[in-house]
Amino acid sequence: MLIKSSKQVSRWRTPKRFPVSRNSGASPASRIEPGVSWPEPEGATRVQRFKVYRHDPESGKNPRIDTYAIDRDKCGPMLLDALIKIKNEIDPTLTFRRSCREGVCGSCAMNIDGTNWLACIRSLDEISEPSTVYPLNNMDVIKDLVGDQTHVLAQYQSITPWLRSKTPAPAGHERLQSPEERKRLDGDYECILCFCCTAGCPSHWWNGDRFLGPAILLQAHRWLVDSRDEATGERLDELEDPFKLYRCHTILNCTRTCPKGLNPGKKIAEIKLMIQQRRS
Amino acid sequence: MTTAKLRPRSPDVQIYKPQLTSVLSIVHRMTGVFLSLGSVLLVAWLVAVVDGGDTYAMVERWLRSWIGLLLLLGWTFALFYHLCNGIRHLAWDLDFGFELRSIYLSGWTVVAASMILTVLTWTLGLAVLE
Ligand code: SF4
Ligand code: SF4
Ligand code: FES
């Protein structure tokens, strides 16, 4: 089917997964085991079930998939509402990040029905029955749906996400930009660093130790096009690397998934083009 | 920090939903590998042409067997797919066609075009052979 915006959920619910077993290639500690099914709500006409990835670091046991069921008629409209309801009423140990509950903080990013999105803006009308909820992909799991972001944040730091400028700041006012110069940051500054894109990027799965991934490269682009930044050349030098940048093979899972409707794939292509153009 | 070592890694390819974006990318790679295998066959066929006689007859017979034909069909599709999707990638490298709508439109076009070209080639080829 033709997808026009990353908001759109594919009407095709199958195939749900690639033809690989759920635990193929997983380290012994990462293998997922069957979990428990919690009791279903009584007298509910609209039951929604969730198969949720659980991991309790204190149990010493492997991750498992627990099944929860809620009554849609007694729940808010979004997936995050359902998770909060489960935590409040069924299982208080269920752990996830959330803050703004309106898609601006990036905390509640998770893998929902196989693709990454923010739980607070994913309507329960759009998920399957039963729905699957995993943490963002390819991250060390601290607990349940909470992944360790140390590595991706270190990658963020590596691109020096701050103004690099030799010219001293003008006295008495900010460094000014024309409206046109400011416009070049559109499509970059809206990024909330939720890491839906990086976690959904196959290149980052295979080479995440050295490939920066879409979220960080989009941020790198943000500083490259900033008229106030004076380190464009150095920044390009730092990025021109077979792994940091060129492991992007334009698969575009990133653009397909970005919950803010941004286009990391395009920004990466623009960085590659900038490097080409300064050569000629 | 012994606990950090024991942390499980969350699943990726095992659970990520196949989408046009990732599927076409994998197929692009697979057709690439398949095509390089095919080039070995092309060389073998050329050698057989030069050698002539029995060698050529043998290769010809093998190519006309059902497995030979099936492989040839596969190679035709792989060639057209890799070609069409290659053009798609070239456009991206020039910063064209990155809107999601264009990505999906060009993706499905590549799928349809490579199938149509394969069918056309075989219809033509078989007609010439008759
Ligand atoms: S580009 Fe989009 S998906 Fe990626 S981190 Fe930023 S907001 Fe999230
Ligand atoms: S376009 Fe590049 S960054 Fe985006 S998912 Fe594909 S490989 Fe990853
Ligand atoms: S809770 Fe802030 S983005 Fe979902």
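Basis for what follows: all heavy atoms, side chains included, without hydrogens, waters or symmetry-related copies. None of these values were measured; they are calculated from a predicted model.
Looking only at atom types and distance, the side chain of B/Ser10 has no donor-acceptor partner in the side chain of A/Asn137 under 3.5 Å away. For the residue pair A/His249 / B/Arg29, a side-chain donor-acceptor distance below 3.5 Å is found, with atom types taken as modelled.
Here the straight-line distance linking atom CZ of B/Arg7 with atom CG of A/Asp148 works out to 5.0 Å at 0.5 Å rounding. Within the model, atoms CD1 of A/Ile251 and CD1 of B/Ile26 stand 8.0 Å from one another, a figure rounded to the nearest 0.5 Å.
Put simply, the side chain of B/Gln19 never gets that close to the backbone of A/Arg256: no donor and acceptor are under 3.5 Å apart. Side chain of A/Asn263 to main chain of B/Phe98: a donor-acceptor pair is present (N/O by atom type, distance under 3.5 Å, no hydrogens or angles).
With a 4.5 Å cut-off on non-hydrogen atoms, A/Ser6 touches chain B through its backbone and its side chain both. Using a 4.5 Å cut-off between heavy atoms, A/Ile142 touches chain B through backbone and side chain atoms alike. In this structure, chain A has a heavy atom under 4.5 Å from the side chain of B/Trp108, while its backbone stays farther away. Only the side chain of B/Ile103 has a heavy atom closer than 4.5 Å to any heavy atom of chain A. Only the side chain of A/Tyr134 comes within contact range of chain B, with heavy atoms under 4.5 Å apart.
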Take A/Trp206 and B/Asp12 through the test side chain to side chain contact (heavy atoms under 4.5 Å, CB included) and record every step on the way to the result. CA-CA 10 Å; A/Trp206 318 135; B/Asp12 42 58; 4.3 Å; yes
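Looking at residues two or more places apart in sequence or on another chain, you find no ring-ring contact (aromatic ring centres under 6.0 Å, His included) involving A/Phe50. For the salt bridge (Lys or Arg N to Asp or Glu O under 4.0 Å) test, residues two or more places apart in sequence or in another chain that qualify with B/Arg9 are A/Asp140.
Between B/Tyr16 and A/Pro202, every side-chain heavy-atom pair lies at or beyond the 4.5 Å cut-off. Taking 4.5 Å as the limit, some side-chain heavy atom of A/Ser24 sits within range of a side-chain heavy atom of B/Gln14.
Closest heavy-atom contact between B/Pro8 and A/Pro63: CB-CG, 3.7 Å. A/Asn253 and B/Thr21 make their closest contact through OD1-OG1, 2.7 Å (heavy atoms, listed as atom of the first residue, atom of the second, distance).
Contact check on A/Asp113 versus B/Lys17 returns no salt bridge, with no Lys/Arg side-chain nitrogen under 4.0 Å from an Asp/Glu carboxylate oxygen.
Counting heavy-atom pairs closer than 4.5 Å to chain A, the top residue among B/Val23, B/Leu105, B/Leu24 is B/Leu105.
Among B/His28, B/Arg88, B/His89, the one residue that satisfies the side-chain contact (heavy atoms from CB on, under 4.5 Å) test with A/Thr250 is B/His89.
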